[in-house]
Asker: 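Here it is, the structure, as structure tokens.
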Amino acid sequence: MQPPADRPTLYVNARLVCPASGRDEIGSLLVDDGVIAEVGAKVAPSARAETIDCRGHVLAPGLVDLGAFVGEPGAEHRETIEAASRAAAAGGVTTIVARPDTTPPVDAPEIVDYLMRRARDTASVRFHPMAALTKGLAGHEMTEIGLLLEAGAVAFTDGPRSIASARVMRRAMAYGRDFGALICHHAEDAELSAGGAMNEGEFASRLGLPGRPTAAEAIVIERDVRLAALTGARYHASLVTCAESLDVVRRAKAAGSPVTCGASVAHLTLNENDVGEYRTFFKLAPPLRHEDDRRALVQALADGLIDVVCSAHDPQDVETKRRPFAEADDGAIGLETMLPAALRLVHSGDVTLHRLLAAMSTRPAEMLGLPGGALKAGAPADLVLFDLEAPWVLDAATLKSKSKNTPYDEARLQGRVLRTVVAGRPVYPYG
Amino acid sequence: MITYAAIAAKRRWTARSGRLPERARRGYDRSSMPTPAASTALFPHRHLLGIAGLSPAEISHLLAAAEDAVALNRQVEKKRATLRGRTQINLFFENSTRTQSSFEIAGKRLGADVMNMSVGNSSMKKGETVLDTAATLNAMRPDVIVVRHHAAGAVALLAQKVDCSVVNAGDGAHEHPTQALLDALTIKRAKGGIHGLVVAICGDVLHSRVARSNILLLNALGAEVRVIAPSTLLPVGIERMGVKVFRTMREGLAGADVVMMLRLQLERMNGSFVPSVKEYFAHFGLDAAKLAYAAPDAVVMHPGPMNRGVEIASEVADGPRSLIRDQVEMGVAVRMAVLETLAQHLPDA
């Protein structure tokens with residue numbers, strides 16, 4: 001990340017949308033020394049400042065993406081911190097929170113330290129690593145939660161692996177609680193969904209593909225929220241994909257458990273039918289679900305039950321996708337498309353812009369204890385300026401990620417990032 | 001020669017069992033056969049990847065062409081020159097002696113040069129992908145590739161990358177279209193038609209591509225399709241695929257005109273999907289007692305290879321109502337019809 005710009009910048013004629021305060025008005029925002037100096041309808045013009053006319057477009061807090069795979073260390077052919085941060089910048093994401101399921105996994109403080117130095121040298125947006133919850137992501141022994149936190153890890157997760165043992169999960173949560181650690185879990189019973197290639201149901205049956213039932217997810221979330229109640233740990237179900245899981249989270253929240261949940265843009269905007277004739281770019285884990293489940297997710301986002309909307313950025317090289325469906329790897333990239341794709345929900349009238357942006361910036365920042373996610377004086381000047389209405393067609397070849405496995409290739413999108421600012425400096429467009 | 005074939009066919013059928021006289025009387029009429037030009041319009045597909053996507057008229061067209069091939073196959077001179085100069089590759093990622101020989105005989109009878117390629121002696125074992133294999137074979141300029149693969153969708157994937165016609169000889173638990181066509185031809189010849197018949201498909205529907213293709217085809221031609229199996233062997237949502245679901249043979253077979261048994265793989269017999277062979281046979285194995293639930297003139301079918309004493313008793317498999325050997329014969333005819341029909345789309349055809 002670059003040092004803050006030395007000259008102040010004044011964004012004028014902007015539609016200021018701040019999900020933290022509920023602000024939505026035309027006004028100006030002054031950035032000085034990497035932080036927001038002043039914001040509002042009446043900001044005095046400054047002769048010293050560079051003035052940028054936003055022409056009424058939306059100026060909002062930069063997005064905070066919880067749980068992207070960035071390839072370092074060990075999978076640099078799929079993604080690098082540098083490429084991921086360029087993709088993030090192009091997508092309005094100013095903070096990447098990286099998954100720890102790398103090779104080796106991020107299960108020791110020195111690897112956290114390595115990543116933070118790599119990010120300092122190569123990333124154009126803010127970067128925070130998550131650490132593994134169990135050593136080697138094996139699901140047996142907890143990692144050094146205290147030391148990892150001190151090294152800079154912002155949350156704990158075993159990435160796409162679900163922890164099968166309730167005993168291990170309980171101990172890790174109980175121990176993590178004492179440090180106030182946020183524990184994120186990819187909830188899916190590996191036994192119950194073993195061998196599954198897509199959502200279980202009529203469509204999978206017609207394609208002759210083994211299914212992954214929604215119950216495999218809900219069972220684990222049910223177990224976890226009970227453990228959260230038992231231990232008092234802060235628990236985050238990383239990717240909920242079905243109505244059953246939402247019911248579990250709703251009950252846990254109503255009972256006052258320290259539970260949050262997230263959903264990916266893909267699960268909010270696509271369904272199992274998009275798999276079509278075995279299109280492996282739509283093969284995700286957890287899988288794309290039935291339209292009824294997608295509708296339930298959208299409703300839950302609108303209601304505020306879903307705390308976080310994330311990209312679930314998972315770059316896969318072509319070789320692992322150009323295989324028969326059941327043998328192809330899971331995952332899709334998402335950093336660069338998360339905002340425009342998610343804006344479909346705003347344009348369809350299902351979710352308000354404030355609500356969506358809160359789940360993409362304010363709320364994850366709060367949960368992770370990061371500054372940002374708000375347009376207020378003193379907050380870091382991490383901003384995204386976007387045209388809410390601009391229609392465009394995505395060309396996967398133009399994406400910044402090293403891998404191009406997007407489910408939105410040739411998709412009609414509405415809403416486009418014009419400028420991304422990190423610590424006061426524009427990081428997109430470049431130059 | 002044609003007339004002779006028809007007479008010969010009739011003689012053989014009636015001599016053997018006295019079955020199907022009216023079908024044999026209808027015999028073999030060259031005038032009903034489409035000309036090549038008409039054929040491309042009647043079957044506008046370059047590949048045969050599944051029954052899904054075929055219209056009832058296209059299915060009937062293939063069945064009519066297969067009737068023609070049946071007669072040819074019963075002559076002394078079984079060869080035609082329709083595919084002379086063409087190269088057919090049988091690419092089998094999964095072993096199957098029966099299907100592979102059936103396609104091989106079909107291709108050879110039409111005059112094609114047939115090459116068999118099994119995964120056992122190919123570089124697939126060294127990590128080459130399906131698409132690399134497809135590209136390699138494609139460079140050898142085959143006209144038709146017949147593919148069997150253990151993964152659903154693999155054949156369609158391969159078909160996207162080659163210039164020739166592709167026939168799906170079974171992809172995972174997805175489809176096995178030539179099996180469904182040969183089953184339909186067998187039923188049609190035994191029963192005079194398919195519309196309105198009650199067909200019960202029994203056994204491991206979950207893992208069966210044969211069941212899926214048959215459900216699609218029989219529905220397209222207007223049969224009432226039932227499936228009978230324990231819940232562990234039924235795919236989720238099967239009831240929305242146009243079938244009635246039964247969990248007992250007594251209910252499911254009641255009044256059925258056709259009983260189609262499916263093979264249960266050895267590794268699924270002992271505790272994983274059903275408790276034991278003994279229990280499975282007791283509840284779902286077809287023996288004379290269970291067959292008695294079906295219509296008095298019900299016929300019995302099995303795609304093979306059979307597990308005698310697991311899903312079917314020998315008394316039924318070898319009994320007078322069994323069409324199992326007819327299915328094998330129809331297999332060659334159907335595959336000839338398919339190869340010939342697809343060949344109409346080849347360049348210079």
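The sequence lines fix the lettering, A, B, ..., with proteins before strands; numbering per chain opens at 1.
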Asker: Here's a test: name every donor-acceptor pair under 3.5 Å between chain B and chain A, with the distance for each.
Answerer:
{"residue": "His150(B)", "atom": "ND1", "partner": "Glu327(A)", "partner atom": "OE2", "Å": "3.3"}
{"residue": "His174(B)", "atom": "ND1", "partner": "Tyr278(A)", "partner atom": "OH", "Å": "3.0"}
{"residue": "His174(B)", "atom": "NE2", "partner": "Tyr278(A)", "partner atom": "OH", "Å": "3.2"}
{"residue": "Arg212(B)", "atom": "NE", "partner": "Ser205(A)", "partner atom": "O", "Å": "2.5"}
{"residue": "Arg212(B)", "atom": "NH2", "partner": "Ser205(A)", "partner atom": "O", "Å": "3.4"}
{"residue": "Val236(B)", "atom": "O", "partner": "Ser205(A)", "partner atom": "OG", "Å": "2.5"}
{"residue": "Arg240(B)", "atom": "O", "partner": "Arg206(A)", "partner atom": "NH2", "Å": "3.0"}
{"residue": "Arg240(B)", "atom": "NE", "partner": "Glu202(A)", "partner atom": "OE1", "Å": "3.0"}

Asker: Going through the checks in order, is the salt bridge (Lys or Arg N to Asp or Glu O under 4.0 Å) test met by Glu224(B) and Lys244(B)?
Answerer: CA-CA 8 Å; Glu224(B) 177 192 323; Lys244(B) 289 186 184 160; 3.4 Å; yes
Asker: Can you measure from CG (Leu91(B)) to CG (Asn116(B)) and round to the nearest 0.5 angstrom?
Answerer: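 Between atom CG of Leu91(B) and atom CG of Asn116(B) there are 10.0 Å.
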Asker: Counting heavy-atom pairs under 4.5 Å with chain A, which one of Leu157(B), Leu158(B), Val205(B) comes out on top?
Answerer: Leu157(B)
Asker: Given the options Ala152(B), Ala151(B), Gly50(B), which has more heavy-atom pairs under 4.5 Å with chain A than any of the others?
Answerer: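 Sorted descending by pairs with chain A, the first entry is Ala152(B).
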Asker: Highest number of heavy-atom pairs under 4.5 Å with chain A: which of Gly237(B), Ala52(B), Ala173(B)?
Answerer: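 That would be Ala173(B).
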Asker: Quick one, Phe284(B) and Thr248(B) - any side-chain contact, counting heavy atoms below 4.5 Å?
Answerer: no
Asker: Less than 4.5 Å apart, any side-chain heavy atom of Phe273(B) and any of Leu206(B)?
Answerer: yes
Asker: Val146(B) versus Ile89(B): any side-chain heavy-atom pair under 4.5 Å?
Answerer: no
Asker: Is there side-chain contact between Val167(B) and Val147(B), with at least one heavy-atom pair below 4.5 Å?
Answerer: no
Asker: Who among Ile238(B), Leu131(B), Val155(B) has the most heavy-atom pairs with chain A under 4.5 Å?
Answerer: Leu131(B)
Asker: Are Leu394(A) and Leu399(A) packed together at the side-chain level, in the sense that at least one heavy-atom pair is separated by less than 4.5 angstrom?
Answerer: yes
Asker: Taking the side chain as every heavy atom from C-beta outward, state whether Cys164(B) and Pro142(B) have any pair of such atoms under 4.5 Å apart.
Answerer: yes
